[in-house]
Amino acid sequence: MAEQEVDLSKKYDAVIIGSGAAGGMAAHVLTTHGLQVLLLEAGKKLNIEQELRSMEWPYDNAHRGGLPPSSHSINHNEYTIRRPPFGPGFEKSKNLYSYIGSTDYTKNIVVNERENPYTGTNYAWVRARCLGGKTNIWGRLALRLSDYDFKAKDRDGFGENWPISYSDIAPYYDKVDLYLGITGVKENLPYLPDSIFQRPTKLNCAEVTLKQGIQKMGRVLTQYRAGVTSDGLKHNKYRSRCYGRGACERKGGCDIHAAFDSPTGLIYPAMDTGNLTLRTNSTAREITVDPDTGKASGVHFTDSQTMKDYTVRAKVVIVAASTLESARLLLLSKSRLYPNGLANSSGHVGHNFCEHIMGPFVAGQVTDLVGKPPTLDDGRPGGFYLTRFRNLAEKHPNFIRGYGFEGGSGASMFPPGTDNPGFGASFKEEIRRNQGSYIAMGAFGEVLARYENYVDLDPVVKDKWGIPALRFHYKFGDNEHRMAVDMKETAQEMFEAAGLKIIFVSDRVLTEGWSIHELGTARMGNDPKKSVLNQFQQSHDVKNLFVVDGSAFVNASCQNPTWTIMALCWRSCDYLADQLAKNEL
Ligand SMILES: Cc1cc2nc3c(=O)[nH]c(=O)nc-3n(C[C@H](O)[C@H](O)[C@H](O)COP(=O)(O)OP(=O)(O)OC[C@H]3O[C@@H](n4cnc5c(N)ncnc54)[C@H](O)[C@@H]3O)c2cc1C
Ligand code: SF4
């Protein structure tokens, strides 16, 4: 894809900041409406197939797929005992990455922590600064929210309801399903609505054992709902259907783009309309404002490589830099008119920050499967999802909201159990005998959106481009910790009910941030005093400013957010195009 030069003399219809799930979707929808759009992305355009090398065998890689000795990726223990910024203690490592940058396939996708510091409370912040952002390496679990989430306050009194209902967003979920492709099986659950699924993957023997074992408890295990096209997409020449190569088990994306990523799913098709100008290496540092009208006038950005500054003008500014970076940019955009940052008359920018709590985990074995001939279980873009069951019909006495489990089992190219003791021929035989019998799952639970969990700008620390770093004031609360205890207990209880042998069970909570599902820093609502955006992700204060990523979430629910981010963004951009056409912005 040839990138066009940005025409700085031109006033674009819209400028989008960030090219991940949200920015890509905004580019797709607005260019389809015929708008002239500029997309600014802070990171570079990588030769992504060369980075991902999905079919490379470990023995063909200099470091068996790991990092070279000069580089280090921060591990769980280090996140727990050291506070950001991660300088002291890591001097020996030339490059320092978040925990997701622990492989040769992801190291160039995630940021170098030294160039992109942050401060404050412990937080494992994973950022991908390149075209497509985190969608290049996301885990692909694509779930919908329901009115159990949008109207959660009505059920338990906590927080705020969303200003929309499921019926408002359902048509847009459908559009996302059809345009990008999703695999899964219909379950007719009111709290986890079905998508329009393509061909599903199959559960393997151990997973079916667990599914059947928990049915009598009224609990539901379903195929991993993956944002992957299993049948192919006739309208998209950049993506292939999934060949079930099993490669997406490895940390890193899909080099044939069966798994959704923003560049091939959204941005390249948008460029084909002739309406999109893309500029990578463009770090937005401020949204500029017209002092006469109070409206956003454009974006001040720095070339991430040459350090040269530019300003570009647009009729509408769309922030899609990801939840935390978007909040940072709004806070950075201070002016005489907006001394607390842009769109922040409510004081809620950066606040109500929420995500998912992770950690509690169970691993076990279906002993009947030990010694059985290996089956072809490998090659799926995901295992299973065990859906939420807490606080639906009944109220749990210890906590509100819910959690689900992601898990998997089966024979695979890189079999589980290789860390068991032993060596030589007997060790190999032991691995072969056991491999298809192992099964494991880990929980993802809702972290409540609380005003006192927030980010602001660090008064001292700056990034490589001289831009103030983000400072975290964020901790899990009692509700999350009580939920984590229950996660472990129910994980164990379900494995026991299914007759599985439990090998390991844990209630250890992972560091804040581990879920990589950060949300809520510019929430939507009807009351401008308590929210930043309206139901169309349009700023209450500045009507030609939209924030179309996870910032707008009112609560985190326990479902993974990316499909919802894109459905909301599509809805908002349809509204935006309509308003622009009517000269209402
Ligand atoms: C390993 C991993 C597994 C995941 N698994 C799942 C999953 O299974 N299911 C799920 O729903 N979600 C998952 N996620 C989360 C998912 O990737 C995100 O929800 C999604 O990418 C968010 O989209 P976004 O556009 O808001 O942010 P991003 O995808 O992060 O994109 C933001 C873009 O903005 C750019 N940017 C930032 N600041 C600036 C600036 N100042 N100027 C210009 N550009 C800027 C960034 O470089 C980046 O390219 C996972 C993420 C990771 C990393
Ligand atoms: S299993 Fe499918 S989605 Fe995953 S890497 Fe292989 S082709 Fe891509």
Side-chain angles (χ1 to χ4, degrees), residues 20-26 28-29 132-150 162 164-187 189 191-198 200-201 222-230 233 236 239 242 248 253-254 257-262 264-266 320 322-323 354-356 381-382 384-385 387-388 404 406 444 446 515-520 524 537 548-574:
M25 181 54 80
H28 159 60
V29 178
K134 296 194 287 281
T135 65
N136 290 297
I137 47 172
W138 74 307
R140 311 161 302 278
L141 184 59
L143 302 175
R144 293 186 177 199
L145 270 56
S146 74
D147 281 336
Y148 285 77
D149 308 301
F150 296 124
W162 294 54
I164 58 166
S165 300
Y166 180 67
S167 57
D168 295 310
I169 190 177
Y172 289 92
Y173 276 130
D174 290 354
K175 284 173 191 272
V176 176
D177 293 344
L178 293 173
Y179 194 64
L180 300 177
I182 177 170
T183 75
V185 171
K186 285 193 188 297
E187 300 284 357
L189 305 171
Y191 53 90
L192 185 69
D194 294 321
S195 278
I196 302 172
F197 295 119
Q198 297 190 356
T201 55
T222 191
Q223 272 90 334
Y224 199 81
R225 294 181 172 180
V228 165
T229 171
S230 48
L233 297 165
N236 188 317
R239 297 182 60 197
C242 173
C248 54
C254 172
H257 313 289
F260 159 73
D261 57 65
S262 170
T264 60
L266 297 165
S322 76
T323 297
C354 52
E355 50 141 354
H356 295 145
F384 66 83
Y385 185 66
T387 69
R388 172 179 172 182
E406 293 181 30
F444 284 69
E446 174 166 350
S515 71
I516 327 179
H517 292 162
E518 56 273 3
L519 300 161
M524 53 163 83
Q537 297 174 299
V548 295
D549 55 28
S551 314
F553 278 45
V554 179
N555 54 39
S557 84
C558 66
Q559 287 94 285
N560 307 39
T562 307
W563 230 241
T564 304
I565 290 174
M566 291 195 286
L568 282 176
C569 176
W570 196 321
R571 180 174 183 266
S572 299
C573 289
D574 271 358

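Reckoned from all heavy atoms, side chains included, excluding hydrogens, waters and symmetry mates.
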For [Y], does its backbone N or O pair with a side-chain atom of [X] as donor and acceptor, under 3.5 Å?
X    : Y    : value
S146 : Y148 : yes
D261 : N136 : no
D177 : I196 : yes

Rounded to the nearest 0.5 Å, what's the gap from [atom1] on [X] to [atom2] on [Y]? Could you check?
X    : Y    : atom1 : atom2 : answer
F384 : L141 : CZ    : CG    : 11.5 Å
I169 : F150 : CD1   : CZ    : 4.5 Å
S551 : Q537 : OG    : CD    : 8.5 Å
S322 : I565 : OG    : CD1   : 9.0 Å
S572 : M25  : OG    : CE    : 11.5 Å

If we check side chain to side chain contact (heavy atoms under 4.5 Å, CB included) with L145, which of these qualifies: Y166, Y173, Y191?
Y173

Within-4.5 Å side-chain heavy-atom neighbours: [X] and [Y]:
X    : Y    : value
S230 : T201 : no
I164 : L568 : yes
H257 : N236 : no
T323 : F553 : no
R239 : L180 : yes

Which side-chain N or O atoms in residues 554-562 pair as donor and acceptor under 3.5 Å with protein atoms at least two apart or in another chain?
| from | atom 1 | to | atom 2 | distance (Å) |
| --- | --- | --- | --- | --- |
| N555 | OD1 | W162 | NE1 | 3.1 |
| N555 | ND2 | D149 | O | 3.0 |
| S557 | OG | Q559 | N | 3.0 |
| Q559 | NE2 | R144 | O | 3.1 |
| Q559 | NE2 | D149 | OD2 | 3.1 |
| N560 | ND2 | E406 | OE2 | 3.2 |

Can you sort out the partners of E355 under salt bridge (charged side-chain N to carboxylate O under 4.0 Å, His left out), two or more places apart, ordered by chain and number?
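Here no residue qualifies.
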
With sequence neighbours excluded, tell me which residues meet side-chain contact (heavy atoms from CB on, under 4.5 Å) with D194.
K186, E187, N188, F197, R225

Smallest separation among heavy atoms of [X] and [Y], with atom names:
X    : Y    : value
S262 : G20  : OG-O, 2.9 Å
P381 : A226 : O-CB, 4.2 Å
A22  : V548 : CB-O, 3.4 Å
P200 : G184 : CB-O, 3.4 Å
V29  : D574 : CG1-OD1, 3.5 Å

Classify the angle between the aromatic ring planes of W138 and W563 as parallel (below 30°), tilted (30 to 60°) or perpendicular (above 60°).
parallel

Anything under 30° is parallel, anything over 60° is perpendicular, the rest tilted; go ahead and classify W570 against H28.
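W570 vs H28 ring planes: perpendicular.
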
With side-chain contact (heavy atoms from CB on, under 4.5 Å) as the test, would you mind laying out the steps for Y179 and L233 before giving the verdict?
CA-CA 8 Å; Y179 194 64; L233 297 165; over 6 Å; no

Compute whether any side-chain donor of one residue and acceptor of the other, for T183 and Q223, lie under 3.5 angstrom apart.
no

